[in-house]
Chemist: 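Structure in structure tokens, see below.
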Amino acid sequence: IEQPTFPKITEMCVKMIRRVNDEEGIKKLVNETFQKLWFTPTPHHDKEAMTRKILNITDVVAACRDTGYDWFEQLLQNLLKSEEDASYKPVKKACTQLVDNLVEHILKYEESLSDSDNKGVNSGRLVACITTLFLFSKIRPQLMVKHAMTMQPYLTTKCSTQNDFMVICNVAKILELVVPLMEHPSETFLATIEEDLMKLIIKYGMTVVQHCVSCLGAVVNKVTQNYKFVWACFNRYYGALSKLKSQHQEDPNSTILTANKPALLRSLFTVGALCRHFDFDQEDFKGNSKVNIKDKVLELLMYFTKHSDEEVQTKAIIGLGFAFIQHPSLMFEQEVKTLYNSILSDKNCSVNLKIQVLKNLQTYLQEEDTRMQQADRDWKKVAKQEDLKEMGDISSGMSSSIMQLYLKQVLEAFFHTQSSVRHFALNVIALTLNQGLIHPVQCVPYLIAMGTDPEPSMRNKADQQLVEIDKKYAGFIHMKAVAGMKMSYQVQQAINTCPKDPVRGFRHDESSNALCSHLYSMIRGNRQHRRAFLISLLNLFDDTAKTEVNMLLYIADNLACFPYQTQEEPLFIMHHIDITLSVSGSNLLQSFKESMVKDKKKERKPSSDEETESDSNSGSESESEEEASKPRRLRKRVDSDSDSDEENDINAVMKCLPENSAPLIEFANVSQGILLLLMLKQHLKNLCGFSDSKIQKYSPSESAKVYDKAINRKTGVHFHPKQTLDFLRSDMANSKITEEVKRSIVKQYLD
């Protein structure tokens with residue numbers, strides 16, 4: 001058998017490792033595979049095997065650069081947790097070997113970077129090695145303690161490529177986790193780190209600043225307590241912001257401000273980043289001063305959110321988001337609530353600002369989650385007998401109150417045309433639900449709606465949330481299913497790029513699946529819930545429900561394409577369509593006939609001279625009305641040609657039409673529901689191959705077992721209600737009544 005090449009092995013590993021969170025059987029298999037492949041100790045003398053292992057791991061990490069590394073963390077946690085209570089810990093030993101060898105490889109790659117031929121390749125390998133070390137540090141920072149001093153010089157890497165920036169960011173993240181664990185690190189080493197980080201904060205862009213301030217926070221707050229050093233940096237940027245604010249107040253159009261825009265953007269971002277990691281209202285920073293720093297920072301940043309330049313507004317909002325992580329209570333301030341809610345709810349507001357507000361909420365929730373988990377771990381270490389839940393409630397109470405403030409606007413962001421806005425809104429809702437900060441029932445219709453998103457990643461995330469809710473709260477999904485279907489129509493309306501095209505309820509791909517197929521598959525297992533759901537949908541087609549025509553088309557599409565499994569499901573729908581048609585359909589035809597007859601008689605009162613003539617003609621007039629209202633097969637045949645028959649039928653009814661055209665348009669509108677049900681019944685009949693007698697014999701009260709047989713679906717059967725599509729495309733509901741429109745409505749009546 002041919003040995004697979006290295007890239008093939010990497011590809012296979014990437015595919016397998018992404019299943020690490022699947023059901024228990026697959027999860028166990030993935031863990032066992034990678035324990036044998038990567039996390040089994042290698043004999044010390046077998047350098048070749050270790051090199052192969054290192055290359056394989058770093059290749060997989062590099063391949064997952066864009067999709068994230070959650071799988072690696074999950075895998076490592078699963079494996080280390082499985083041997084927590086064991087006396088022999090092979091995974092821990094293998095991790096130590098891997099970390100030590102990764103550091104050796106980094107030194108080798110650095111030496112070879114001077115070789116210009118392989119510079120790009122080795123630079124990529126260096127980044128992959130350092131990223132892998134960071135992932136190990138995230139789960140077991142103790143493994144990197146002895147290598148901290150080896151990593152520190154990489155903070156002085158000269159940045160000319162994207163890879164150089166990644167090296168600096170990952171080294172900063174490693175040192176942030178590792179330095180606080182070092183026993184008695186030398187003062188020179190710590191001072192060098194602080195100075196290196198400060199130089200990077202002053203010199204480079206947002207990503208570097210963010211990671212370096214975070215690292216500085218860990219080093220100063222947990223180790224050096226060198227608060228003056230940080231205070232001086234804060235004052236430098238805070239002072240610059242205050243000065244720029246004064247200049248802007250004096251003359252908003254000043255050319256000095258335009259020239260100083262880069263300094264303004266840097267100051268807004270850096271002040272916020274510093275406030276995220278340091279509480280400057282502590283005496284260690286401001287001494288005896290009575291000035292409330294957080295309020296002053298809030299005032300400054302809020303000022304620049306009203307700036308005319310969107311880039312300045314965005315940076316000010318980023319700065320606010322950072323400050324709120326350190327001081328969440330600021331999010332209760334009225335001006336902050338107004339700012340956030342107005343940006344989220346204003347349809348004309350910039351997409352970038354909307355996304356930034358959602359990112360701020362997302363980062364806050366992620367940070368709170370990390371903080372809670374850390375506090376939970378620390379508490380367990382200190383005292384197992386204490387009440388952990390009580391400790392967590394204080395912090396989660398604040399998060400819950402904050403999310404209640406912004407929840408409605410975040411949920412409404414699901415109806416935005418831009419997928420990036422919907423993406424971040426869904427992230428915020430998922431985090432909120434996972435942390436149990438709100439009652440999930442209010443989110444169910446919105447999640448059902450997001451389950452119809454064109455992007456698979458968003459659909460899957462929304463569907464996963466619904467599955468989790470259904471596990472904990474049985475019946476919630478069914479309770480909000482119809483509301484969710486209606487909301488999903490709103491989402492599709494927002495996404496629809498061509499307003500002239502009607503919104504459809506199935507995927508425009510080979511599958512032609514119903515957009516709400518996942519919702520139906522969750523409900524269909526419970527017969528009572530399924531039937532109630534289907535009846536509720538069919539009731540929307542009743543003329544008294546006044547449902548808009550495009551929504552009826554959308555629901556009919558879904559009903560036509562739902563993943564039915566047993567014969568009972570479509571038969572139940574067809575049975576109820578017959579009931580609806582017999583009542584609503586008959587009523588509709590009757591009201592049309594009445595409008596013709598009544599309006600004709602009321603058109604004008606005949607004079608006494610005309611009464612005789614009227615009497616003599618009345619027979620023929622009533623005959624034509626009667627003729628028009630008969631079913632086609634019973635009408636008199638004037639000509640053998642069917643087109644001629646149809647033309648005569650249309651002309652007969654046209655003569656009886658009232659002058660007032662409102663009832664005509666009303667009829668055309670209302671009859672779409674009836675037409676759609678007729679088409680839906682025919683479609684299901686064709687799709688499942690049912691005979692008329694089988695449909696007639698069906699009774700909903702029959703034992704479930706009778707119709708439990710699987711459906712034998714026909715291929716190539718598509719739902720295409722042409723009349724409704726034409727009605728929507730021609731915008732007949734708002735059309736001017738011409739002879740042509742009248743003829744079209746009469747044809748609809750005769751059909």
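Heavy atoms only: backbone and side chains are in, while hydrogens, waters and symmetry mates are out.
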Chemist: Please name the pair of heavy atoms, one in Ser488 and one in Cys516, separated by the smallest distance, quoted to 0.1 Å.
Modeler: OG-SG, 3.6 Å
Chemist: Of the non-hydrogen atoms in Thr417 and Ala494, which two are nearest, and what is the gap between them?
Modeler: CG2-O, 2.8 Å
Chemist: Which pair of heavy atoms, one from Ala462 and one from Leu426, lies closest together, and at what distance?
Modeler: N-CD2, 4.2 Å
Chemist: Work out which heavy atom in Gly451 is nearest to a heavy atom in Arg507; give both atom names and the distance.
Modeler: O-NH2, 3.7 Å
Chemist: With heavy-atom distances below 4.5 Å as the criterion, would you say the side chains of Leu361 and Tyr406 are in contact?
Modeler: yes
Chemist: Throw together a table of side-chain donor-acceptor distances under 3.5 angstrom for residues 711-720, partners on residues two or more places apart or in other chains.
Modeler:
unit_1 : atom_1 : unit_2 : atom_2 : d
Arg713 : NH2    : Phe562 : O      : 3.0
Arg713 : NH2    : Tyr564 : O      : 3.2

Chemist: Do Ser536 side-chain atoms and Val482 backbone N/O form a donor-acceptor pair below 3.5 Å?
Modeler: no
Chemist: Are the side chains of Leu553 and Leu725 in touch, meaning some heavy atoms are under 4.5 Å apart?
Modeler: yes
Chemist: Apply side-chain contact (heavy atoms from CB on, under 4.5 Å) to residues Leu411 and Phe414 and explain how you reach the verdict.
Modeler: CA-CA 6 Å; Leu411 287 169; Phe414 282 3; 4.2 Å; yes
Chemist: Checking the side chain of Asp509 only, and the main-chain atoms of Ser512 only, is there a donor and an acceptor separated by less than 3.5 Å?
Modeler: yes
Chemist: So that I can tick it off, tell me whether Arg531 and Glu568 are bridged by a salt bridge, with the cut-off set at under 4.0 angstrom between side-chain N and carboxylate O.
Modeler: yes
Chemist: Any luck finding a side-chain donor-acceptor pair between Glu702 and Ser699 under 3.5 Å?
Modeler: no
Chemist: Just jot down the side chain to side chain donor-acceptor pair (under 3.5 Å) partners of Asn550, sequence neighbours excluded, or say none.
Modeler: none
Chemist: Pairs under 3.5 angstrom only: tabulate donor-acceptor contacts from the side chains of residues 572-579 to other protein residues two or more places apart or in another chain.
Modeler:
unit_1 : atom_1 : unit_2 : atom_2 : d
Asp578 : OD1    : Lys681 : NZ     : 2.7
Asp578 : OD2    : Lys681 : NZ     : 3.2

Chemist: Any heavy-atom pair between the side chains of Phe424 and His416 that's under 4.5 Å?
Modeler: no
Chemist: Are Lys28 and Glu32 close enough, and set up right, to give a salt bridge (Lys or Arg N to Asp or Glu O under 4.0 Å), and what steps lead you there?
Modeler: CA-CA 6 Å; Lys28 186 168 180 276; Glu32 285 171 0; 3.1 Å; yes
Chemist: Hey, what do you get for OG1 (Thr497) to CG (Asp501), rounding to the nearest 0.5 Å?
Modeler: 8.0 Å
Chemist: Please report the C-alpha distance between Val410 and Val357 in whole Å, then the side-chain angles of each, then the deciding distance to 0.1 Å, and finally whether the side-chain contact (heavy atoms from CB on, under 4.5 Å) criterion is met.
Modeler: CA-CA 10 Å; Val410 173; Val357 167; over 6 Å; no
Chemist: So how far is it from Asp557 CG to Leu515 CG, rounded to the nearest 0.5 Å?
Modeler: 8.0 Å
Chemist: Got a second to check how far Ile555's CD1 is from Leu676's CG, nearest 0.5 Å?
Modeler: 10.0 Å
Chemist: Take Lys354 and Gln418 through the side chain to side chain donor-acceptor pair (under 3.5 Å) test and state the conclusion after the steps.
Modeler: CA-CA 11 Å; Lys354 281 184 193 290; Gln418 292 279 339; over 6 Å; no
Chemist: Taking the side chain as every heavy atom from C-beta outward, state whether Lys480 and Tyr446 have any atom pair closer than 4.5 Å.
Modeler: no
Chemist: Between Lys685 and Asp692, is there a salt bridge with N-O shorter than 4.0 Å?
Modeler: yes
Chemist: Could you tell me whether the side chain of Asn558 reaches within less than 4.5 Å of the side chain of Leu519, counting heavy atoms only?
Modeler: no
Chemist: Is the shortest side-chain heavy-atom distance between Tyr473 and Pro440 below 4.5 Å?
Modeler: yes
Chemist: Got a second to check how far Ile438's CD1 is from Ile429's CD1, nearest 0.5 Å?
Modeler: 5.5 Å
Chemist: Are the side chain of Asp369 and the backbone of Leu365 linked by a donor-acceptor contact shorter than 3.5 Å?
Modeler: no
Chemist: Hydrogens and angles aside, do Asn78 and Gln74 bring a side-chain donor and acceptor to less than 3.5 Å of each other?
Modeler: yes
Chemist: Holding to side chain to side chain donor-acceptor pair (under 3.5 Å), I want the full list of residues that pass it with Thr432, two or more places apart in sequence or in another chain.
Modeler: none
Chemist: Determine which pairs satisfy salt bridge (charged side-chain N to carboxylate O under 4.0 Å, His left out) with at least one residue from residues 423-446, sequence neighbours left out, and list them in order.
Modeler: none
Chemist: Quick one: CD1 on Ile355 to OG on Ser420, what's the gap to the nearest 0.5 Å?
Modeler: 3.5 Å
Chemist: Any side-chain donor-acceptor pair under 3.5 Å between Ser345 and Gln409?
Modeler: no
Chemist: We want to know whether Lys408 and Gln442 form a side-chain donor-acceptor pair, criterion being a heavy-atom distance below 3.5 angstrom.
Modeler: no
Chemist: After noting the C-alpha distance and the side-chain angles of Thr566 and Glu569, does the key distance pass the side chain to side chain donor-acceptor pair (under 3.5 Å) rule?
Modeler: CA-CA 6 Å; Thr566 63; Glu569 296 163 59; 3.0 Å; yes
Chemist: Identify the heavy atoms of Ala413 and Leu358 that sit nearest to each other, and give their distance.
Modeler: CB-CD1, 4.5 Å
Chemist: For Glu594 and Gln590, which I'm curious about, is there any donor-acceptor pair between the side chains at under 3.5 Å?
Modeler: yes
Chemist: Contact between Pro454 and Arg422 at the side-chain level, heavy atoms closer than 4.5 Å - yes or no?
Modeler: yes
Chemist: Look up atom CZ in Arg530 and atom CD1 in Ile523, then write down how far apart they are to the nearest 0.5 Å.
Modeler: 11.0 Å
Chemist: Determine, step by step, whether Arg459 and Asp453 satisfy the salt bridge (Lys or Arg N to Asp or Glu O under 4.0 Å) criterion, reporting the C-alpha distance in whole Å, the side-chain angles of both residues, the deciding distance to 0.1 Å, and the verdict.
Modeler: CA-CA 6 Å; Arg459 286 205 295 273; Asp453 197 278; over 6 Å; no
Chemist: Can you list the steps and then say if Gln464 with Asn460 is a side chain to side chain donor-acceptor pair (under 3.5 Å)?
Modeler: CA-CA 6 Å; Gln464 190 56 46; Asn460 296 341; over 6 Å; no
Chemist: Assess whether ring pair (Phe, Tyr, Trp, His ring centres under 6.0 Å) is satisfied between His508 and Phe506, documenting all intermediate values.
Modeler: CA-CA 6 Å; His508 297 280; Phe506 57 83; 5.1 Å; yes
Chemist: Passes side-chain contact (heavy atoms from CB on, under 4.5 Å), Gln492 versus Phe415? Steps please.
Modeler: CA-CA 8 Å; Gln492 293 306 311; Phe415 304 123; over 6 Å; no
Chemist: With a 4.5 Å limit on heavy-atom distance, are the side chains of His478 and Asn526 in contact?
Modeler: no
Chemist: Working note: Met16 + Thr33, criterion side-chain contact (heavy atoms from CB on, under 4.5 Å); need CA distance, chi angles, decisive distance, verdict.
Modeler: CA-CA 9 Å; Met16 280 191 289; Thr33 303; 4.1 Å; yes
Chemist: Please find the pair of heavy atoms, one from Met458 and one from Ser419, that lie closest to each other, and give the distance.
Modeler: CE-O, 3.5 Å
Chemist: According to ring pair (Phe, Tyr, Trp, His ring centres under 6.0 Å), does anything in residues 532-555 pair up with another residue at least two apart or in another chain? List the pairs.
Modeler: Tyr489-Tyr554
